[in-house]
K.L.:
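This is the structure I want to talk about, given as structure tokens.
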Amino acid sequence: MEPDLPLASGGADATTMPSELARLRAENSLLRAQLTEMRQQQGAARRDMESAQQRFQRTLYAVSHELRTPMTSIKTGAQLVDRRLRRLLSQPGTPPIAPTVAPLLDLLAIVLRQVNLQDRLLSDLLDVSRLEHQSIEIHPQVQELQPLVTSTITKLQALYPNREVIVIMPPAAIQVNVDGERISQVIHNFVLNAISYAPLHLPITLRVTVDKRFARCAVRDEGPGIARDKQRHIWESFYRVPGIEMHNGASAALGVGLYLCRAFIELHSGQVGVESAPGKGSSFWCTLPLAL
Ligand code: ADP
């Protein structure tokens, strides 16, 4: 006959288990209560953050909108004065007030450049806030890419006559299906960044190429270049690469230009990118849908 097996811990368990179980149950419900409270706190923090973000967006929109309205009047007024003074100077025979007016035109050029920068900055901020509300629409139209590029560069060069921008485009007309204003804004931002960050004496090249479905615009500069780990952040809003400074007064910088470029290009189902390395310059590119 087999001897009775000792109850390994059965004897002890029989008495200790209910209280152990009760302790574990109590611990469990305490943990559950703590978890519920943490979830509630997390939910409240998320709601607070969302409402702070909404307040920020509303303020951003209101401030940019309020500031932009007078800025538009200042810009229109300054452009009008500039045109009238130039017309006056171009009259046959030198008008007697010419020596007084000519230096005023130089001053006016500085005013116009600053006004343009502030105007651009405010409209960028308005666009950022519209994008956050998904309220930006594009209006694509079939059009030739070359005149769009040329007029954008001509306007920029009028503001920065000392900067050389070499434009290389295929001779045959490239038909694209794009919102001209938004694409002009993207090219403007790429080139203005090159003007702002690359040394004054080095040229900037804008090259347009075409493949089967897309046209590609690439803006190359010989500036400081961007480290690999920073490259994906430059497309985020309000991000600026630490240590990369723009030439004094070349542009106003908030770190939203590339964010808008990416958004506008993605609204066209295109792509953006950058090829860059510290000390080796940068090439910012985007693709645009061809009108097929
Ligand atoms: P910002 O108004 O600051 O120029 P962007 O969104 O256009 O804003 O650019 C984001 C950041 O990317 C810039 O602050 C700068 O640090 C970097 N960056 C943009 N373009 C260039 C460039 N061509 N060369 C070097 N760094 C650049």
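Ligands are counted one by one from 1 in listed order, and the atoms in each one are counted from 1 as well. The structure displayed is predicted, hence computed values, not measured ones.
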K.L.:
Which ligand 1 atoms does Leu254 reach within 4.0 Å, using its non-hydrogen atoms?
P.N.:
2 (O)
K.L.:
In terms of atom number and element, which parts of ligand 1 are under 4.0 angstrom from non-hydrogen atoms of Ile234?
P.N.:
12 (O)
K.L.:
How would you list, by chain and number, every residue that makes a side-chain contact (heavy atoms from CB on, under 4.5 Å) with Gln157, sequence neighbours excluded?
P.N.:
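side-chain contact (heavy atoms from CB on, under 4.5 Å) check on Gln157 returns Ile153, Val165.
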K.L.:
So is Val241 polar-close to ligand 1, meaning N/O to N/O under 3.5 Å?
P.N.:
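For ligand 1, there is an N or O atom that lies under 3.5 Å from one belonging to Val241.
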K.L.:
If you measure every N or O of Ala253 against every N or O of ligand 1, does any of those distances drop under 3.5 Å?
P.N.:
no
K.L.:
Counting each atom of ligand 1 from 1 as listed, which ones have a heavy atom of Tyr239 under 4.0 Å away?
P.N.:
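Checking each atom against Tyr239, I get 10 (C), 11 (C).
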K.L.:
Check each atom of ligand 1 against the heavy atoms of Ser282 and keep those under 4.0 Å away; list them by number with element.
P.N.:
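Atoms satisfying the 4.0 Å criterion: 24 (N).
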K.L.:
Is the ring pair Phe56/Phe238 parallel, tilted or perpendicular, if the boundaries are 30 and 60 degrees?
P.N.:
perpendicular
K.L.:
What is the ring orientation for Phe284 with Trp235, classed by angle as parallel under 30°, tilted 30 to 60°, or perpendicular over 60°?
P.N.:
perpendicular
K.L.:
For Gln271, does the CD atom have more than 12 heavy-atom neighbours from other residues, nucleotides or ligands under 6.0 Å away?
P.N.:
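No.
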K.L.:
Could you please spell out the steps behind the salt bridge (charged side-chain N to carboxylate O under 4.0 Å, His left out) verdict for Glu27 and Arg23?
P.N.:
CA-CA 6 Å; Glu27 221 169 69; Arg23 191 184 64 77; 2.8 Å; yes
K.L.:
For Trp235, state whether at least one heavy atom is located under 4.0 Å from any atom of ligand 1.
P.N.:
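It does not, in that no heavy atom of Trp235 comes within the 4.0 Å cut-off of ligand 1.
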K.L.:
Pick, from Ser276, Ser283, Gly255, the option with the minimum heavy-atom distance to atom 8 (O) of ligand 1.
P.N.:
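Looking at heavy atoms only, the winner is Gly255.
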K.L.:
What are the two closest heavy atoms between Arg163 and Ile195, and how far apart are they?
P.N.:
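Smallest interatomic distance, heavy atoms only, reads NH1-O, 2.7 Å.
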K.L.:
Regarding ligand 1, does Gly257 bring an N or O atom to under 3.5 Å of one of the ligand's N or O atoms?
P.N.:
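N/O-N/O distance under 3.5 Å: yes.
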K.L.:
Do any heavy atoms of Gly223 fall under 4.0 Å from ligand 1?
P.N.:
no
K.L.:
Indicate yes or no for a side-chain donor-acceptor contact from Gln231 to the backbone of Ser276 under 3.5 Å, with no hydrogens or angles considered.
P.N.:
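It does hold such a pair.
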K.L.:
Taking distance alone, with no angle check, do Tyr259 and ligand 1 share an N/O pair under 3.5 Å?
P.N.:
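Among all N and O atoms of Tyr259, none is under 3.5 Å from an N or O of ligand 1.
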K.L.:
If you measure every N/O of Phe284 against every N/O of ligand 1, is any gap under 3.5 Å?
P.N.:
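Looking only at distances, the answer is no, because the N/O contact criterion of under 3.5 Å is not met.
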K.L.:
In sequence, state the C-alpha distance, the side-chain angles, and the governing distance for Tyr259 and Glu236, and then conclude on side chain to side chain contact (heavy atoms under 4.5 Å, CB included).
P.N.:
CA-CA 5 Å; Tyr259 167 74; Glu236 294 163 6; 5.7 Å; no
K.L.:
Is the shortest side-chain N to carboxylate O distance from Arg68 to Asp119 below 4.0 Å?
P.N.:
yes
K.L.:
I need the atoms of ligand 1 closer than 4.0 Å to a non-hydrogen atom of Val256, numbered in the order shown.
P.N.:
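By the 4.0 Å cutoff, the relevant atoms are 6 (O), 8 (O).
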